[in-house]
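Data block below; observations after.
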There are 2 protein chains.
Amino acid sequence: MPEPSEFMARAIEIGCKAMLEDGAAPFAAIVVKDGEIVGTGVNNVVNNCDATSHGEVEAIRDAGRNLGTWDLSGCELYTTCEPCEMCVAAMFWANIERLYYAATLSDCEAIGFNLAPLTAMVRSDLNDRALPASQLMADESRAVLQLWRRQPGFNAF
Amino acid sequence: MPEPSEFMARAIEIGCKAMLEDGAAPFAAIVVKDGEIVGTGVNNVVNNCDATSHGEVEAIRDAGRNLGTWDLSGCELYTTCEPCEMCVAAMFWANIERLYYAATLSDCEAIGFNLAPLTAMVRSDLNDRALPASQLMADESRAVLQLWRRQPGFNAF
């Protein structure tokens with residue numbers, strides 16, 4: 001079984017290559033199951049026109065495609081940088097069981113990122129966020145949720 | 001310019017149709033710019049083998065593809081259910097400026113979702129989370145971030 005540092009070295013290589021060859025940000029991630037790489041991803045926000053294209057999210061998507069399931073129980077995720085809250089929540093939904101990271105969010109702040117507004121937003125309740133939010137048609141949507149609960153194969157996960 | 005409730009009704013319809021025709025969860029979202037729908041998405045976690053395939057994330061990705069940019073400044077997002085923290089963070093990264101929601105996360109809990117562990121995870125610092133995390137090769141990754149800062153067109157966003 002390869003050492004964790006071998007997977008991390010591979011993730012750093014992938015990020016560095018994406019930066020040098022594709023003008024991407026050098027953030028990359030790898031999903032590993034039973035000592036094998038099952039998914040890789042790089043941050044491709046600009047090239048993909050996709051604000052959600054962080055390395056961790058892309059690696060989770062790639063692993064899901066490769067394994068044929070959204071459920072990455074039993075998997076570890078290696079990322080070249082401590083994940084933002086979007087990626088932490090993505091790992092939660094994917095059932096990732098262990099995280100290895102290299103640089104930190106403080107290292108990102110040292111090169112110019114301002115992450116405090118994101119942290120403030122995800123740690124606030126809906127009506128206390130900087131993002132203005134209004135509720136509409138709650139009854140109609142709740143009625144659909146109640147219908148869903150009665151569908152065959154319903155599963156809240 | 002259509003009323004906000006017209007966009008929300010459309011989102012609820014899209015979610016309901018996905019549930020009835022594709023066996024998807026009935027969570028859907030729409031991105032609107034200047035009174036026009038520029039992106040739509042449904043929760044397709046199971047069908048897409050993608051734990052990140054929430055309605056809001058898919059709508060942000062669709063809008064990015066349609067507009068040719070990750071930056072959804074000036075856009076509003078309509079979602080049939082209050083967004084989870086992954087989707088809130090995705091909206092942050094996409095520069096979504098206003099949120100309309102119908103059902104709430106409490107309505108989801110009423111049909112069986114357990115969201116407290118997600119909230120606890122994103123509101124905790126790295127070493128206080130239920131997800132075990134280890135740091136490896138920080139110096140190497142930090143060195144790549146410093147290289148990135150010197151690349152032409154570098155932008156921390």
Side-chain angles (χ1 to χ4, degrees), chain A residues 4-5 8-9 12 15-16 19 23 26 45-46 49-52 57 60-61 64-65 68-70 80-82 84-86 88-94 98-103 107 111-113 118 121-123 126 131-138 140-142 144-145 148-149 151 153 156, chain B residues 4-5 8-9 12 15-16 19 23 26 45-46 49-52 57 60-61 64-65 68-70 80-82 84-86 88-94 98-103 107 111-113 118 121-123 126 131-138 140-142 144-145 148-149 151 153 156:
Chain A
S5 61
M8 188 60 83
I12 294 173
C16 197
M19 171 181 77
V45 167
V46 176
C49 301
D50 177 0
T52 74
V57 165
I60 286 169
R61 288 184 181 142
R65 276 190 298 268
T69 174
W70 61 270
T80 59
C81 186
E82 179 187 343
C84 79
E85 285 89 345
M86 177 177 73
V88 169
M91 281 180 246
F92 171 87
W93 287 117
R98 174 168 255 292
L99 171 68
Y100 293 94
Y101 66 99
D107 294 323
I111 62 164
F113 282 84
L118 170 60
M121 193 178 284
V122 296
R123 292 189 184 205
L126 185 66
L131 182 72
S134 313
Q135 190 173 31
L136 284 176
M137 303 183 72
E140 291 85 341
S141 186
R142 201 179 291 123
V144 177
L145 288 179
W148 182 39
R149 187 191 205 169
Q151 295 287 306
Chain B
S5 60
M8 187 61 83
I12 293 173
C16 198
M19 172 181 77
V45 167
V46 176
C49 301
D50 178 359
T52 74
V57 165
I60 287 169
R61 298 177 79 202
R65 275 190 299 268
T69 175
W70 62 270
T80 60
C81 185
E82 179 187 345
C84 79
E85 285 89 344
M86 177 176 73
V88 169
M91 280 180 247
F92 172 87
W93 287 118
R98 175 167 255 294
L99 171 68
Y100 293 93
Y101 66 99
D107 295 323
I111 62 164
F113 282 84
L118 170 59
M121 193 178 283
V122 294
R123 293 190 184 203
L126 185 66
L131 181 71
S134 313
Q135 191 173 30
L136 284 176
M137 303 184 72
E140 291 86 340
S141 186
R142 201 179 293 122
V144 176
L145 288 180
W148 182 39
R149 186 190 206 171
Q151 296 286 306

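Computed from a prediction, not measured in an experiment: that's the story for all the values here. We name chains A, B, ... by the order of the sequence lines, and we start the count at 1 in each one.
- For the set G64(A), A102(A), C16(A), G153(A), the count of heavy-atom pairs under 4.5 angstrom toward chain B peaks at A102(A).
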Task: Worked verdict on D107(A) versus I111(A) for side-chain contact (heavy atoms from CB on, under 4.5 Å) - done: CA-CA 7 Å; D107(A) 294 323; I111(A) 62 164; over 6 Å; no
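- Only the backbone of T69(A) comes within contact range of chain B, with at least one heavy atom under 4.5 Å from a heavy atom of that chain.
- If you take SG on C84(B) and CZ on F92(A), they are separated by 9.0 Å, rounding to the nearest 0.5 Å.
- The choice from G23(B), A9(B), C81(B) that makes the most heavy-atom pairs within less than 4.5 Å of chain A is A9(B).
- Taking both residues in full, the closest heavy atoms of L131(A) and R98(B) are given as CD1-N, 3.9 Å, listed atom of the first, atom of the second, then distance.
- Ranked by heavy-atom pairs under 4.5 Å with chain B, the first of G15(A), P26(A), A94(A), A90(A) is P26(A).
- Between chain A and the options E140(B), M8(B), M137(B), heavy-atom pairs under 4.5 Å are most frequent for M137(B).
- The contact between E82(A) and chain B is made entirely by side chain atoms (from C-beta outward), counting heavy-atom distances below 4.5 Å.
- W70(A) and D50(B) make their closest contact through CB-N, 3.7 Å (heavy atoms, listed as atom of the first residue, atom of the second, distance).
- With respect to chain B, the highest number of heavy-atom pairs below 4.5 Å among R65(A), E85(A), M91(A), Q151(A) belongs to Q151(A).
- Heavy-atom pairs under 4.5 Å with chain A were tallied for P132(B), S5(B), P4(B), A103(B); the largest tally goes to P132(B).
- Rounding to the nearest 0.5 angstrom, the gap separating the OG1 atom in T52(B) from the CZ atom in R61(B) is 6.0 Å.
- Heavy-atom pairs under 4.5 Å with chain B were tallied for A89(A), S134(A), G112(A); the largest tally goes to S134(A).
- Residue Q135(B) holds its CD atom at 9.0 Å from OG of S141(B), rounded to the nearest 0.5 Å.
- A distance-only check finds a donor-acceptor pair linking the side chain of R123(A) to the backbone of R123(B) [under 3.5 Å].
- Listed options I60(A), V57(A), V144(A) were ranked by heavy-atom pairs under 4.5 angstrom with chain B; first place goes to V144(A).
- Rounded to the nearest 0.5 angstrom, M121(B) CE and L126(B) CG are separated by 11.0 Å.
- Proximity to chain A is limited to the side chain of R149(B), based on heavy atoms less than 4.5 angstrom apart.
- With respect to chain B, the highest number of heavy-atom pairs below 4.5 Å among T80(A), L118(A), I12(A), V88(A) belongs to L118(A).
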